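These notes concern the structure reproduced below.
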Amino acid sequence: MSKIKKKQVCIIGSGNWGSAIAKIVGKNAARLPHLEDRVTMYVYEEMINGKKLTEIINETHENVKYLPGHKLPENVVAVPDVTEAAKEADILIFVVPHQFIRTLCATLLGNIKPTAIGLSLIKGFDQREGGGIDLISHIITRTLKIQCAVLMGANLAGEVAEEKFCETTIGCRDSHLAPILRDIIQTDYFRVVVVDDEDAVEICGALKNIVAVGAGFVDGLGLGDNTKAAVIRLGLMEMIKFVDIFYPGSKLSTFFESCGVADLITTCYGGRNRKVAEAHVRTKKSIAILEEEILNGQKLQGPITAEEVNYMLKSRNMEEKFPLFTAIHEICVGLKQPEQLISCLNNHPEHMCRVPLAAEEGIVAASDSSPQ
């Protein structure tokens with residue numbers, strides 16, 4: 001009987017989220033019999049105190065820049081060349097800022113196994129010529145000619161690295177592939193639910209970052225949790241509407257998975273988009289400057305995703321259908337002041353009477369029918 005060939009895993013990306021996932025994948029690869037023990041991790045090479053970051057990671061098993069204080073499994077090997085890291089991989093886990101995905105795929109084209117499969121943890125869109133957007137998993141599939149599932153959830157990297165309990169969602173249409181991806185990712189503190197609604201899972205992961213920027217503006221203005229709750233609710237409504245219009249056929253239930261409302265709430269209270277947006281209001285500094293000052297080399301996803309969505313909405317004359325997304329984008333680029341967000345909330349079309357008025361139902365009010 002022939003021996004089953006073990007599958008090799010490569011993690012493409014090594015920011016705080018990529019490193020947190022590397023900690024999970026490395027441990028699972030070491031214990032699961034169908035996985036190769038060695039996990040490669042593509043690391044964009046940087047010099048840290050005169051030494052290469054890849055050398056530091058491989059010697060100390062710690063990403064001292066993006067996830068300091070957390071040990072990576074010794075079987076996770078940092079590689080500075082993405083083609084070298086990925087060439088033998090059967091499973092490619094993509095976790096880089098979304099604006100780099102096209103260049104990355106172009107580099108990998110022809111340099112990976114044709115039988116490889118992908119899992120995208122990337123939260124964002126890419127602009128398509130003519131006013132549309134591309135989903136990152138679609139770009140990966142189209143460019144590299146491989147299947148690509150997605151993983152999104154309420155997963156702040158620092159808390160995942162600290163092994164605090166959380167849930168996540170994998171969107172995967174292939175019922176044979178789904179359990180393989182689940183086993184690579186799942187632990188007793190990182191629980192995975194798999195659904196087949198791939199596009200909606202991915203879109204939730206991108207759009208929630210726009211809403212989180214709005215939540216940060218609210219915090220910067222000192223308006224409190226009631227106002228933030230309104231931003232979250234209206235943001236969720238616009239997320240659902242966006243999917244319903246542009247990706248019909250998705251399931252409403254997907255928005256109640258970790259990738260949906262849970263990720264939205266978490267990001268609006270604890271994510272980097274919220275943090276930078278709050279600082280923008282308080283300091284009056286530009287978002288670009290604050291990204292450099294606050295994020296230690298990481299990239300902010302909310303403002304650029306808002307720009308990509310607005311590009312699509314504007315080309316279709318649909319900005320008025322998504323007033324919160326539109327207002328957040330306009331504040332990010334300086335067309336509106338943060339204080340004007342309240343006007344958007346106050347006049348949002350979701351603020352309407354959903355219960356038919358008595359006169360509309362042909363019911364005469366009691367005060368009109370009582371004896372005079």
Side-chain angles (χ1 to χ4, degrees), residues 7-15 17-18 21-22 25 39-44 79 81-129 132-153 155 168-178 180-182 184-185 192 194-209 243 246-247 250 254 259 263 299 301 304-305 308-309 312:
K7 295 186 180 299
Q8 171 107 30
V9 182
C10 171
I11 299 167
I12 300 176
S14 58
W17 185 211
I21 283 296
V25 173
V39 173
T40 56
M41 179 173 71
Y42 164 61
V43 176
Y44 177 78
V79 181
D81 185 304
V82 69
T83 57
E84 181 65 26
K87 67 180 182 180
E88 297 299 328
D90 301 288
I91 299 166
L92 300 168
I93 299 176
F94 295 86
V95 54
V96 295
H98 78 271
Q99 50 266 47
F100 301 136
I101 194 62
R102 288 188 187 275
T103 301
L104 190 69
C105 285
T107 302
L108 290 173
L109 183 62
N111 293 305
I112 62 171
K113 290 182 176 180
T115 55
I117 56 177
L119 178 66
S120 173
L121 279 62
I122 301 171
K123 297 180 178 181
F125 299 129
D126 197 57
Q127 287 185 8
R128 181 187 296 160
E129 289 186 16
I133 59 169
D134 248 344
L135 300 189
I136 301 303
S137 65
H138 291 191
I139 295 172
I140 294 169
T141 294
R142 188 171 62 248
T143 306
L144 298 179
K145 307 296 191 294
I146 63 173
Q147 281 183 272
C148 186
V150 297
L151 180 149
M152 306 285 155
N155 308 141
T168 199
T169 310
I170 288 179
C172 181
R173 296 188 186 95
D174 188 328
S175 60
H176 299 290
L177 178 58
I180 296 171
L181 297 177
R182 179 199 61 207
I184 290 171
I185 297 294
V192 178
V194 182
V195 300
D196 63 3
D197 200 3
E198 278 185 20
D199 289 351
V201 170
E202 183 169 0
I203 294 164
C204 283
L207 294 181
K208 58 92 182 182
N209 283 328
V243 172
F246 298 112
Y247 295 85
S250 294
T254 301
C259 63
D263 195 11
K299 294 297 180 182
Q301 300 300 310
I304 193 170
T305 303
E308 289 158 353
V309 167
M312 180 177 185

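Everything numeric in this text was worked out from a predicted model, so none of it was measured.
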Self-check item: Trace of the side-chain contact (heavy atoms from CB on, under 4.5 Å) decision for Leu181 with Ile91
Solution: CA-CA 9 Å; Leu181 297 177; Ile91 299 166; 4.3 Å; yes
Contact summary for [X] and [Y], nearest pair of heavy atoms:
X	Y	value
Cys10	Ala89	CB-CB, 3.6 Å
Cys172	Val194	CB-CG1, 4.3 Å
Thr254	Ala200	CG2-CB, 3.9 Å
Ala206	Phe125	CB-CZ, 3.6 Å
Thr305	Gly124	OG1-CA, 4.1 Å
Met152	Val201	CG-O, 3.3 Å

Which residues share a side chain to side chain donor-acceptor pair (under 3.5 Å) with [X], sequence neighbours left out:
X	value
Ser137	Glu202
Asp263	Lys123, Thr267
Lys145	none

Distance-only donor-acceptor pairs under 3.5 Å for side chains of residues 106-122, two or more places apart:
unit_1 : atom_1 : unit_2 : atom_2 : d
Thr107 : OG1    : Thr103 : O      : 3.0
Asn111 : ND2    : Thr107 : O      : 3.0
Lys113 : NZ     : Glu88  : O      : 3.3
Lys113 : NZ     : Asp90  : OD1    : 3.0
Ser120 : OG     : Ile122 : N      : 3.2

Quiz item: Measuring from His98:NE2 to Glu308:CD, what's the distance to the nearest 0.5 Å?
Solution: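 Between His98 NE2 and Glu308 CD, I get 3.5 Å after rounding to 0.5 Å.
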Exercise. Output the distance between atom CD1 (Ile170) and atom CD1 (Ile180), rounded to the nearest 0.5 Å.
Key: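 Rounded to the nearest 0.5 Å, the CD1-CD1 separation comes out at 11.0 Å.
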Do [X] and [Y] come within less than 4.5 Å of each other through their side chains, counting heavy atoms only?
X	Y	result
Met312	Gln127	no
Ile136	Phe94	no
Ile140	Leu92	no
Ile139	Asp126	yes
His138	Asp199	yes
Phe246	Ile203	no
Val25	Ile185	yes

Quiz item: Partners of Asp81 by salt bridge (charged side-chain N to carboxylate O under 4.0 Å, His left out), sequence neighbours excluded?
Solution: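 Salt bridge (charged side-chain N to carboxylate O under 4.0 Å, His left out) list for Asp81, sorted by chain: empty.
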Practice problem: Decide whether Thr168 and Asn155 meet the rule of one side-chain donor and one side-chain acceptor closer than 3.5 Å. | Solution: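 Yes.
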Quiz prompt | Sequence neighbours excluded, every pair satisfying salt bridge (Lys or Arg N to Asp or Glu O under 4.0 Å) that has a member inside residues 132-141 | solution =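 Every salt bridge (Lys or Arg N to Asp or Glu O under 4.0 Å) pair that includes a residue of residues 132-141, provided the two are not neighbours, is Arg102-Asp134, Arg128-Asp134, Asp134-Arg142.
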Quiz item: Does the Glu198 side chain pair with the main chain of Arg173, one donor and one acceptor, at a distance under 3.5 Å?
Solution: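 Side chain of Glu198 to backbone of Arg173, a donor-acceptor pair under 3.5 Å: yes, one is there.
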